[in-house]
J.: 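Take a look at the following structure, please.
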Amino acid sequence: TTAVPSEAVVARWGGDEFLLLFPARLPHEVVPQVRAALAAAAAGEPPVQASLGAAPFAGREDLAGAIERADRAMYEDKARHRALQG
């Protein structure tokens with residue numbers, strides 16, 4: 001999707017869990033764009049269920065740290081969506 005920057009790495013973490021790692025962009029810019037693209041792709045069908053976590057990744061940074069932050073953000077996203085569903 002064009003919602004994800006071409007230089008980003010998108011990984012299915014498990015089930016409905018996805019991590020996005022990208023250079024020099026803030027996570028709050030990417031996740032809403034991906035959510036909007038998923039909603040548009042559903043076009044009248046049941047919504048796509050996905051838990052998304054994103055984190056910027058800098059070349060000097062340890063990859064494990066970026067994955068850890070994205071994983072934490074993904075679980076926060078999952079908790080938010082469960083709370084909204086009641």
Side-chain angles (χ1 to χ4, degrees):
T1 177
T2 58
V4 178
S6 62
E7 64 274 10
V9 175
V10 179
R12 183 174 180 200
W13 204 237
D16 70 344
E17 301 169 355
F18 294 85
L19 302 185
L20 297 94
L21 302 177
F22 49 89
R25 297 225 9 216
L26 298 176
H28 70 274
E29 294 174 353
V30 175
V31 171
Q33 292 172 1
V34 172
R35 278 219 184 281
L38 290 172
E45 297 295 321
V48 174
Q49 298 295 318
S51 299
L52 306 171
F57 176 69
R60 293 182 302 258
E61 178 184 58
D62 178 34
L63 178 60
I67 291 171
E68 183 178 320
R69 287 193 315 281
D71 186 51
R72 188 170 41 250
M74 185 268 307
Y75 279 105
E76 290 169 2
D77 185 59
K78 184 182 288 262
R80 255 190 318 277
H81 287 283
R82 284 187 180 159
L84 291 173
Q85 292 174 353

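Counting from 1, the numbers follow the sequence of the chain as shown.
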J.: Just so I know, are the side chains of Met74 and Phe18 near enough to count as touching, which here means a heavy-atom distance under 4.5 Å?
T.: no
J.: Say whether, by atom type as modelled, one donor and one acceptor occur between the side chain of Arg35 and the main chain of Ala50 under 3.5 angstrom.
T.: yes
J.: Mind checking whether Lys78 and Asp16 have side chains closer than 4.5 Å, heavy atoms only?
T.: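 Contact flag for Lys78/Asp16 side chains = yes.
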J.: Roughly how far, to the nearest 0.5 Å, is CD of Glu17 from CG of Leu19?
T.: 8.0 Å
J.: Using 0.5 Å steps for rounding, measure from the CD atom of Glu68 to the CG atom of Leu63.
T.: 11.5 Å
J.: Looking at Asp77 and Ser51, would you say the former's side chain and the latter's main chain have a donor-acceptor pair under 3.5 Å?
T.: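 No; judged by distance alone, with no hydrogens or angles, the pair does not exist.
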J.: For residues Ala66 and Ala55, report the shortest heavy-atom separation together with the two atoms involved.
T.: O-CB, 3.6 Å
J.: Are any of the side-chain heavy atoms of Phe22 and Val30 separated by less than 4.5 Å?
T.: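 With C-beta onward as the side chain, the pair touches.
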J.: Quick one: does any side-chain atom of Arg69 pair with a main-chain N or O of Gly53 as donor and acceptor, under 3.5 Å?
T.: no
J.: Could you check whether any side-chain heavy atom of Val10 comes within less than 4.5 Å of a side-chain heavy atom of Leu21, counting everything from C-beta outward?
T.: no
J.: Are the side chains of Ile67 and Trp13 in contact, using a 4.5 Å heavy-atom criterion?
T.: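 In contact.
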